[in-house]
Asker: 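Pasting in a structure now, in structure tokens, and then I'll have a few things to ask.
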Amino acid sequence: MADNHTIPIVIFLNVSLLKVRFLTFAVKHLINVSTAIISALSNSSCDTLYHRSELQHLAMATGKVHEVLPPVLDSSSEPPTLFDGTTRLYTSYICPYAQRAWITRNCKGLQDVIKLVPIDLQNRPAWYKEKVYPPNKVPSLEHNNEIKGESLDLIKYIDSNFEGPSLLPEDPAKRKFAEEMLSYTDTFTAIMRYAFSSEGDVANEIGGPLDHLESALSKFDDGPFFLGQFSLVDIAYGPFFERFHPLFLDLKNYDITTGRPKLKLWFEEMNKVDGYVQTRRDPQELVAALKKRFMGK
């Protein structure tokens, strides 16, 4: 018979052995589960888990960074240390042209690469015109000790000269159509702006350009955007549509998406693109700013 000291030792050893066996089983199970998860995440058939448009947004995962926006610089603000190797996007939080470049930066995942420098357009710092960009407009980009401007040129430049998902497809037909649509933006915005204060029938005045966009959205059937998948074309039109939609509702009681289902769907999908959503402003703020600028209200 074992003495009284031996029995506790045997029980302790048996319990310890059970613990070791349980831990071994748990570790093996965890390894198997981890392997399965990694395999699932790397599976090229992930479109079975996500809708096509959701995949598009996942491809721009870095655009989901929610940054703290820097304060607006006015005539009393000191300039940053210019031409020190930092890449800077001089912008305005309420300007649609500047918003184009801002969206492109976000969708490329460049929040840590291109620093935002917001300018007060109603009280601009003198140093911006004197030392940065003589045309005194936004957007402009300080990159490689040079300054580049003009929004359509800038979004192409950012897309071509920085890392991140390409915002123009390789398909030659789509690239050609992209250039046609980018060239049409000035015509579109001019007609829409004229109708702000016009006394004519709004449906007749702006129906043409809006129907042109509706038709353009039928060109490719592989997605809800102008080139099927999200691209620079959507970035070029998005900021203006963001303003025109609430403005015409306010001024003319006219919904520019009525009778245009593809245009309505397009803007719904735009509002799912994180790189764009981060740049949106309150609609009433935009309406007030447009009324003040173009109508003196």
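Nothing fancy with the numbering, it's 1 onward along the sequence.
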Asker: With the side chain counted from C-beta on, respond yes when Arg193 and Leu290 share a heavy-atom pair under 4.5 Å apart, and no when they do not.
Answerer: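 No, their side chains stay 4.5 Å or more apart.
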Asker: Should Phe267 and Ile256 be counted in the same cluster of Ile, Leu, Val, Met, Phe, Trp and Tyr side chains packed under 4.5 Å apart?
Answerer: yes
Asker: Among all residues two or more places apart in sequence or in another chain, which pass the side chain to side chain contact (heavy atoms under 4.5 Å, CB included) test with Leu249?
Answerer: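 For Leu249, the residues satisfying side chain to side chain contact (heavy atoms under 4.5 Å, CB included) (neighbours in sequence not counted) are His245, Asp255.
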Asker: Quick check against the 3.5 Å criterion: does Ser215 have a side-chain atom that pairs as donor or acceptor with the backbone of His212?
Answerer: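 No, the answer is negative, given that no donor and acceptor are paired below the 3.5 Å cut-off.
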Asker: Would you say the rings of Phe188 and Phe240 are close, in the sense that their centroids are separated by under 6.0 Å?
Answerer: no
Asker: Are any of the side-chain heavy atoms of Cys107 and Thr104 separated by less than 4.5 Å?
Answerer: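 Counting from C-beta outward, Cys107 and Thr104 never come under 4.5 Å.
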Asker: Tell me, yes or no, whether the heavy-atom count around Lys252 atom NZ, taken from other residues, nucleotides or ligands under 6.0 Å, exceeds 12.
Answerer: yes
Asker: Taking side-chain hydrogen bond (donor to acceptor under 3.5 Å, both in side chains) as the test, write out the residues that go with Lys137, two or more places apart.
Answerer: Glu150
Asker: Report the C-alpha separation of Phe248 and Tyr254 in whole Å, then their side-chain angles, then the decisive distance to 0.1 Å, and conclude whether the ring-ring contact (aromatic ring centres under 6.0 Å, His included) test is met.
Answerer: CA-CA 5 Å; Phe248 279 97; Tyr254 182 76; 7.0 Å; no
Asker: If the condition is side-chain hydrogen bond (donor to acceptor under 3.5 Å, both in side chains), which residues does Glu130 pass it with, not counting sequence neighbours?
Answerer: none
Asker: Of all residues at least two apart in sequence or in a different chain, which pass the salt bridge (Lys or Arg N to Asp or Glu O under 4.0 Å) check with Asp171?
Answerer: none
Asker: Applying ring pair (Phe, Tyr, Trp, His ring centres under 6.0 Å), can you list everything that pairs with Phe226, at least two apart in sequence or on another chain?
Answerer: Tyr237, Trp266
Asker: Between Gln99 and Glu242, is any side-chain donor less than 3.5 angstrom from a side-chain acceptor?
Answerer: yes
Asker: Consider side-chain contact (heavy atoms from CB on, under 4.5 Å). Of Glu142, Lys131, Glu146, which one does Phe83 pass it with?
Answerer: Glu142
Asker: Does a side-chain heavy-atom distance below 4.5 Å link Leu247 with Phe196?
Answerer: yes
Asker: Who are the ring pair (Phe, Tyr, Trp, His ring centres under 6.0 Å) partners of Phe162, not counting sequence neighbours?
Answerer: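 Phe162 satisfies ring pair (Phe, Tyr, Trp, His ring centres under 6.0 Å) with His143 only.
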